[in-house]
Number of protein chains: 2
Amino acid sequence: MKPIPLAIVEDDPIIRESLRTFLGGDPQFDLLYTAVSIEDFLQALETDARIVPAVILLDIQLPGMSGIEGIPSIKKLRPGVDVIMLTTFEESDKIFAALCAGACSYLSKRVSLVTIRDAILTVHRGGSYMSPSIARKVVEHFIPAPKKDDGPLTQRQQEIVDCIVNGLSYKMTADKLGISLDTVRTHIKHIYQVLEINSKGELIRRSLDKK
Amino acid sequence: MKPIPLAIVEDDPIIRESLRTFLGGDPQFDLLYTAVSIEDFLQALETDARIVPAVILLDIQLPGMSGIEGIPSIKKLRPGVDVIMLTTFEESDKIFAALCAGACSYLSKRVSLVTIRDAILTVHRGGSYMSPSIARKVVEHFIPAPKKDDGPLTQRQQEIVDCIVNGLSYKMTADKLGISLDTVRTHIKHIYQVLEINSKGELIRRSLDKK
DNA sequence: TATCCCCTCGCATCAAGATGTGATAGCGAC
DNA sequence: GTCGCTATCACATCTTGATGCGAGGGGATA
């Protein structure tokens, strides 16, 4: 198995050297570059085409451009790279921002060097490793989805709304529900009063937002 | 440390017995119940109030009600429980369905018993463990977000659309952009042709969807 | 029973949107 | 220069939507 080309972007000298010593000394890896900032790293990538890491360990808290902000630029220069975020923070915001930016793994800095090593191997095999507490936050992100209050609408009113939101006209809605056009109008009227809105546009926007 | 109360729902006798033997023999756990189906398990939870597991190992592929379908019912009877899905499948659909239903961990059945044990401990500590390939799929779910094509609209057309989507009428849009009402109409006409739609509702829905 | 809410329907009116036909003008491409 | 695209404006017509007023039937509840 060929060694995995690596890069590290970390400003803290203690952690950086610790990583460099541990990973650089492991024959499974080929540590190509160690940067102290995104700017530094981008510069290196631009000037030296030989730096093509498969995996990057990226600190999230960096002087200048943050790790998250840097991901797009890095991916632009080295599209295939997998990014592992290293961080002391576990705020949901940062986690999701990093994942959305293209990070594929997110580790707390408190984990052991062995765990980091394993995470690199996992990522390089096409997997992903998240610290347990971070994984939990990610998982919980999916749960609030089913939390949608249907508003104070009656069941019938909700049916009307569904039709309208799905693009049906009042007439088509009337046909579909087997009621008269005027009845649909009446329902809409009441719905608008209850929801305190006054146009189909707002109704659609409102319905789409909560889903 | 008190043993962690467990329950297992698994129809395959081999896997079930394997889990039962391994986990049941571990003093860290207190294996309260082993069910072969959701129906069986729900029945047990209803009739025996002493069955209050902290963690449930739940097969996703079960005869009768599937594991995913069963999660809401289980959570209803035992709200605080953490659910770990065990599965041979790694389809994104199933993963997200399970997470949305309230599962907090998702393991491939191919992992070792030790990994399952560790996952239980992790989950019970408030974390989450996902098999690497599954974690990767979860992570990738976040990435396609920034993929929004603004459509083949010209810049001017997009301005019109923005106004409309923000709730302005044609007249208000005309005033805001400093053009005549008829011009707005003309633009809308062209926009509808290009987008192949034919109502304001569709326009709004379409615009909101991609954001 | 009286009351309230929900669903149903009708009519009327005005505002807004959808659609067709046609015209003028600037700008870049061929 | 002509062609094509974009942006602008006008007029006409028809459909749709928003809103007010009124009304009857059914079910739940006090």
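To find a chain, count down the sequence lines: A is the first, B the second, and so on, and within it residues start at 1.
- A salt bridge does not link A:Lys137 with A:Glu140: none of the charged nitrogens is closer than 4.0 Å to a carboxylate oxygen.
- Between B:Leu168 atom CG and C:dG17 atom C1' there is a gap of 15 Å when expressed in whole angstrom units.
- For B:Gln157, taking side-chain heavy atoms from C-beta onward, the closest of the listed nucleotides C:dC9, D:dC9, D:dA7 is D:dA7.
- Side-chain atoms of A:Tyr192 lie closest to D:dT19 of the nucleotides D:dT19, C:dT8, C:dG17.
- Counting to the nearest Å, the P atom of C:dA12 and the CZ atom of A:Arg185 are 12 Å from each other.
- Closest approach of A:Lys200 to A:Tyr192, counting heavy atoms only: N-OH, 3.1 Å.
- For B:Leu181 and C:dG17, the CG to P distance is 9 Å, given to the nearest whole Å.
- Separating the CD atom of A:Gln158 from the P atom of C:dC7 is a distance of 12 Å, rounded to the nearest angstrom.
- Between A:Asp175 and A:Lys171 there is a salt bridge, with a side-chain nitrogen of the basic residue lying less than 4.0 Å from a carboxylate oxygen of the acidic one.
- The side chain of B:His187 contributes an N or O atom lying less than 4.0 Å from OP1 or OP2 of D:dT8.
- Rounded to an integer number of Å, the gap from A:Met172 CE to D:dT16 P is 8 Å.
- For the pair A:Ile188 CD1 and C:dC7 P, the computed distance is 13 Å after rounding to whole Å.
- Of the side-chain N and O atoms in A:Thr183, one or more sit less than 4.0 angstrom from OP1 or OP2 of C:dC9.
- Along DNA chain D, the nucleotide closest to B:Arg156 and the one closest to A:Lys171 are compared, and the more 5′ of them pairs with B:Arg156.
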Check step by step if side chain to side chain contact (heavy atoms under 4.5 Å, CB included) holds for B:Ile179 and B:Arg156. CA-CA 11 Å; B:Ile179 57 181; B:Arg156 193 56 161 174; 3.4 Å; yes
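- The CD1-C1' distance, from A:Ile160 to C:dC6, rounds to 12 Å in whole Å.
- For the pair B:Ile188 and B:Val184, the minimum side-chain heavy-atom distance is below 4.5 Å.
- The side chain of B:Lys189 sits closest to C:dT19 out of C:dT19, C:dA16, D:dT19.
- Counting to the nearest Å, the C1' atom of C:dT19 and the NE2 atom of B:His190 are 11 Å from each other.
- If you check distances only, the side chain of B:Lys200 never reaches the base of D:dT16 with a donor-acceptor pair under 3.5 Å.
- With hydrogens and angles left out, the side chain of A:Thr186 and the base of C:dC7 share no donor-acceptor pair within 3.5 Å.
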